[in-house]
Number of protein chains: 2
Amino acid sequence: MARSTNTQFAVAVHVLTYLGGAEGRVVSSDELSASTNVNPVYVRRVLGPLRGAGLVRSRPGAHGGWELAADAGDITLERVWQLLQGDDPVLGLHGPAPECPVGRNIQSMLTDLDRRVAAAVSAELRRFTVRDVLHGLPVPEHGLTAPPRDGG
Amino acid sequence: MARSTNTQFAVAVHVLTYLGGAEGRVVSSDELSASTNVNPVYVRRVLGPLRGAGLVRSRPGAHGGWELAADAGDITLERVWQLLQGDDPVLGLHGPAPECPVGRNIQSMLTDLDRRVAAAVSAELRRFTVRDVLHGLPVPEHGLTAPPRDGG
DNA sequence: GTCATTCGTAACCACGGCGATTACAGATCG
DNA sequence: CGATCTGTAATCGCCGTGGTTACGAATGAC
């Protein structure tokens with residue numbers, strides 16, 4: 001499934017926010033490493049997909065480093081999540097006995113359920129951008145109060 | 001954080017659904033193991049917290065086994081999730097440099113964000129019960145379409 | 001009472017993911 | 001040229017997950 005002890009998303013959001021606060025200054029992965037407290041190599045590894053998606057730019061060589069390639073207000077956390085977690089299951093699935101029809105049916109239900117939960121996570125993350133993290137998350141209007149169940 | 005390759009939730013839902021379809025019959029962990037394709041010891045380990053919460057009953061000895069202790073329509077998947085995943089972070093957090101004020105601020109933002117996402121997951125899972133998994137998940141009314149962002 | 005069955009739980013092991021670390025090639029600037 | 005910084009591969013240790021074994025206790029059949 002997606003993560004457990006996977007810190008890529010947290011590191012990515014941290015770095016993006018840091019860059020958003022650096023106002024165009026080019027920041028080395030060493031400096032980013034100092035703030036995130038993770039290895040500079042790991043920082044570059046995490047930032048790779050973000051660069052591929054055009055969220056950040058990097059420049060090698062002396063006085064090189066990283067900077068945002070888009071407005072902080074245009075980078076949703078959903079985008080970051082999707083780039084780093086891809087389509088990994090959120091809930092975690094198992095591999096039921098294929099010869100058991102009951103098991104196979106439950107498996108397809110769980111897969112469907114996972115899709116819905118992943119969509120809920122995406123929807124929540126879509127509400128926030130790097131700018132929000134930088135300036136403080138907006139007060140929640142929904143998301144902490146839950147709708148009633150369907151099947152009740 | 002919560003899980004990555006953690007299958008406890010999936011196994012639990014599988015077993016609860018299986019028991020819900022067994023209509024009061026007492027089912028051994030060996031039989032549950034055969035359907036879920038995981039070890040019977042692991043089945044019992046996963047079921048432990050559910051028994052503690054009164055969702056299932058177990059009886060040792062000959063002809064012993066497991067049965068539901070509540071109506072399948074009263075067991076929400078949110079309850080199962082909370083019992084097994086507890087308050088583990090959903091997004092996965094890192095440990096930023098404590099001496100960096102920027103880092104500490106971002107950390108608190110990420111913790112807040114994780115709470116919201118966890119609430120969104122809970123809200124989605126609250127819509128479904130074991131009965132829903134048994135009879136088929138209801139058609140989604142919301143959850144696959146996302147609300148607009150706050151901070152835009 | 002005796003024995004087979006099943007849960008309860010602890011102990012130990014193997015596998016795999018995560019992130020640190022090292023190493024080295026390529027790019028860039030003074 | 002030399003210093004700096006990215007890009008990337010290779011390797012390592014740690015830890016969570018789940019499998020496996022083992023043994024005690026509870027229950028029912030006989």
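By convention in this document, chain letters (A, B, ...) are assigned in the order of the sequence lines, proteins followed by strands, and residues within each chain are numbered from 1.
- Residues passing the salt bridge (charged side-chain N to carboxylate O under 4.0 Å, His left out) test with B/Asp71 are B/Arg131, sequence neighbours excluded.
- Residues in residues 12-28 of chain A take part in these side chain to side chain donor-acceptor pair (under 3.5 Å) pairs, two or more places apart or across chains: A/His14-A/Ser35, A/His14-B/His94, A/Tyr18-A/Glu31, A/Arg25-A/Glu31.
- Per the geometry, CG belonging to A/Leu84 stands 17 Å off P belonging to C/dG17, to the nearest Å.
- What separates CG of B/Asn37 from P of D/dG18 is a distance of 13 Å, to the nearest Å.
- Distances shown here put a side-chain N or O of B/Asn6 below 4.0 Å from the OP1 or OP2 atom of D/dG18.
- Distance alone, capped at 3.5 Å, places no donor-acceptor pair between the A/Asp132 side chain and the A/Leu137 backbone.
- DNA chain D is contacted by no residue of residues 19-33 of chain B, taking any non-hydrogen atom closer than 4.0 Å.
- For A/Ala70, the side chain to side chain contact (heavy atoms under 4.5 Å, CB included) partners at least two apart in sequence or on another chain are A/Ile75.
- Between the CZ atom of B/Arg51 and the P atom of C/dC7 there is a distance of 10 Å, rounded to whole Å.
- Annotation: side chain to side chain contact (heavy atoms under 4.5 Å, CB included) contacts of B/Ala97 (sequence neighbours excluded): A/Asn37, B/Glu99, B/Cys100.
- Although no hydrogens or angles enter the test, the distance criterion places a donor-acceptor pair under 3.5 Å between the side chain of A/Ser33 and the main chain of A/Val38.
- Computed from coordinates, the A/Glu67 CD to D/dC5 C1' distance equals 14 Å when rounded to whole Å.
- Within the 4.0 Å cut-off from OP1 or OP2 of C/dC18, not a single side-chain nitrogen or oxygen of A/Thr7 is found.
- In terms of the side chain to side chain donor-acceptor pair (under 3.5 Å) criterion, B/Arg79 has no residue partners (sequence neighbours excluded).
- Legend: residues meeting side chain to side chain donor-acceptor pair (under 3.5 Å) with A/Arg59, ordered by chain and number and at least two apart, are absent.
- Taking the salt bridge (charged side-chain N to carboxylate O under 4.0 Å, His left out) definition, one finds that B/Arg57 meets it with B/Glu67, sequence neighbours left out.
- Remark: A/Arg104 engages no residue in a salt bridge (charged side-chain N to carboxylate O under 4.0 Å, His left out) (not counting sequence neighbours).
- Residue A/Phe9 contributes atom CZ, which lies 18 Å from atom C1' of C/dC18 at whole-angstrom precision.
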So which protein nitrogen or oxygen atoms get under 3.5 Å of nucleotides 26-29 of chain C's nitrogens or oxygens?
residue	atom	partner	partner atom	Å
C/dT28	O2	A/Ala62	N	3.0

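- Residues forming a side chain to side chain contact (heavy atoms under 4.5 Å, CB included) with B/Ser108 (at least two apart in sequence, or on another chain): B/Asn105.
- Within residues 38-50 of chain B, the residues having any heavy atom closer than 4.0 Å to DNA chain C are, in order of number, B/Val41, B/Arg44, B/Arg45.
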